Protein chains: 2
Amino acid sequence: MNIGDIARLTGLPAKTIRYYEDIGLVTPQRSANGYRHFRETDQHKLLFLGRARALGFTIEDCRTLLALYEDQSRESANVKRVATEHLNKIDEKINQLQSMRETLAHLVASCAGDHRPDCPILNDLGQEP
Amino acid sequence: MNIGDIARLTGLPAKTIRYYEDIGLVTPQRSANGYRHFRETDQHKLLFLGRARALGFTIEDCRTLLALYEDQSRESANVKRVATEHLNKIDEKINQLQSMRETLAHLVASCAGDHRPDCPILNDLGQEP
DNA sequence: CCTTGACCTTCCAGTAACTGGAATGCCTAT
DNA sequence: ATAGGCATTCCAGTTACTGGAAGGTCAAGG
């Protein structure tokens with residue numbers, strides 16, 4: 001399978017797949033014409049990566065998870081640790097965003113949004129009463 | 001005031017302030033020795049920027065907001081539009097993160113996290129039953 | 001007068017994870 | 001032969017900084 005086929009199959013852009021090869025996440029073979037040749041194991045890895053990325057894992061986490069995935073003698077504790085840390089980071093981000101959201105929602109609600117210049121949003125940012 | 005003073009005052013790292021000058025958000029004067037010299041209006045702007053950034057506005061949004069802030073004949077509708085769009089983006093992000101969070105939390109909960117290799121997290125990522 | 005330390009300056013490179021585009025090569029069909 | 005639709009590499013750009021190197025300035029102390 002060429003890169004276009006695998007891209008369709010995995011849902012990943014060809015560019016991204018090339019990038020993943022660049023950083024050593026997959027190592028497709030090469031055909032005589034220099035085209036990348038993807039096999040089932042590559043497809044498997046790419047699907048794995050796509051799902052892990054969709055859960056927000058960083059590339060480095062993905063690298064770690066992929067290694068664990070391929071290691072038959074792994075300890076699930078290691079996987080769980082990576083996932084738990086990631087979960088905590090997600091929670092942090094959600095909290096941050098929610099606090100922004102709250103402030104912002106108040107400001108937006110209090111702004112008339114008309115042709116006049118008075119604006120509680122700018123007043124708040126400029127910290128003037 | 002030199003950059004160190006203004007950094008302390010605004011809570012922004014000196015590096016960041018230099019960067020803001022680079023991209024034209026502030027334009028402090030220069031003393032004879034080449035040091036940046038910050039006046040009250042600069043301080044004001046930097047505080048404004050710090051607060052806007054803390055609410056998650058992009059630099060370009062900040063540029064727009066700053067321009068509106070300084071424009072006495074602005075229409076608050078324009079401010080509100082920027083803020084509302086940003087609010088929507090925040091909501092999107094929160095939703096994304098929460099959906100990740102949910103999936104991930106289930107996976108983490110179902111993983112024993114012990115010395116054995118069996119791992120529902122990896123099974124899910126590898127999409128094997 | 002010289003040195004020390006705390007400032008300040010500029011410039012270059014790196015971060016994360018791609019994405020876009022240019023220049024070029026290959027393959028298949030008409 | 002040529003047109004299209006693939007593929008290749010390489011370079012640059014994105015966001016908002018951050019770190020570090022190499023060097024200039026200033027005030028205080030010996």
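Bear in mind the structure is a predicted one, so any value in this text is a computation, not a measurement.
A continuous path of ILVMFWY side-chain contacts below 4.5 Å connects A/M1 to A/L49, so both sit in one hydrophobic cluster. Under the 4.5 Å side-chain contact rule for hydrophobic residues, B/I23 and B/L68 share a cluster. Linking ILVMFWY residues whenever their side-chain heavy atoms come closer than 4.5 Å, directly or via other members, places B/Y19 and B/L66 in the same cluster.
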What protein N or O atoms touch nucleotides 24-26 of chain C N or O atoms at under 3.5 angstrom, if any, and at what distances?
residue	atom	partner	partner atom	Å
C/dG25	N2	A/Y35	OH	3.1

Give each protein N/O atom lying under 3.5 Å from an N/O atom of nucleotides 12-14 of chain D, with the pair distance.
none

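A salt bridge is defined here as a Lys NZ or Arg NE, NH1 or NH2 lying under 4.0 Å from an Asp or Glu carboxylate O, and B/D42 with B/K45 fails to meet this definition. By the 4.0 Å N-to-carboxylate-O rule, B/K89 lies too far from B/E92 to be salt-bridged with it.
Not a single donor-acceptor pair under 3.5 Å links the side chain of B/R39 to the backbone N or O of B/Q29. Under the 3.5 Å distance criterion, the side-chain polar atoms of B/T10 are left unmatched by any main-chain donor or acceptor of B/L47. Of the possible polar contacts, none joining the A/R36 side chain to the A/I3 backbone as a donor-acceptor pair under 3.5 Å is found. No donor-acceptor distance shorter than 3.5 angstrom exists from the side chain of A/H86 to the backbone of A/D61, with no hydrogens or angles considered. Under a 3.5 Å cut-off, the side chain of B/R116 and the backbone N or O of A/S76 do not form any donor-acceptor pair.
A/D22 places its CG atom 14 Å from the C1' atom of C/dA16, with the value rounded to the nearest Å. Protein atom CD1 of A/I3 is 15 Å distant from nucleotide atom C1' of D/dG5, rounded to whole Å. Between the CG atom of B/D5 and the P atom of C/dC7 there is a distance of 9 Å, rounded to whole Å. At whole-Å resolution of the value, CG in B/N2 and P in D/dC26 are 10 Å apart. Straight-line distance from the CZ atom of A/R18 to the C1' atom of D/dC11: 15 Å, rounded to whole Å. At whole-Å resolution of the value, CD1 in A/I6 and C1' in D/dC6 are 16 Å apart. As a whole-Å value, the separation of B/R63 CZ from D/dA16 P is 10 Å. Rounded to whole Å, the distance from NE2 on B/H37 to C1' on C/dC8 is 15 Å.
Note that CD of A/Q72 is 5.5 Å distant from CZ of A/R74, once rounded to the nearest 0.5 Å. Going from atom CG of B/N2 over to atom OG of B/S31 covers 6.0 Å, rounded to the nearest 0.5 Å. To the nearest 0.5 Å, atoms CG (B/L97) and CD (A/Q98) are separated by 9.5 Å. To the nearest 0.5 Å, atom CG of residue B/L25 and atom CG of residue B/L46 are 9.0 Å apart.
Contact annotation: the side chain of B/L12 approaches that of B/Y20 to within less than 4.5 Å [non-hydrogen atoms, C-beta and beyond].
Residue-level contact check: A/R36 touches the backbone only, with heavy atoms under 4.0 Å from sugar-phosphate atoms and none from bases. Looking at heavy-atom distances under 4.0 Å, A/I23 makes no contact with the nucleic acid at all.
Between B/R30 and B/R8, the residue whose closest nucleotide on DNA chain C is further toward the 5' end is B/R8.
Scanning for side-chain contact (heavy atoms from CB on, under 4.5 Å) contacts around B/T27 gives an empty result, with sequence neighbours left out.
Defining each end axis of the helix from C/dC1-D/dG30 to C/dT30-D/dA1 as the rotation carrying four pairs' C1' atoms onto the next four, with five pairs an end, the two axes are found to diverge by 40° to 10 degrees.
The stretch residues 83-100 of chain A has no heavy atom under 4.0 Å from DNA chain C, so no residue of it qualifies as close.
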Checklist entry - Where along nucleotides 17-23 of chain C does protein come under 4.0 Å, by heavy atom, of base (B) or sugar-phosphate alone (S), with - for untouched nucleotides? => result BBSBB--

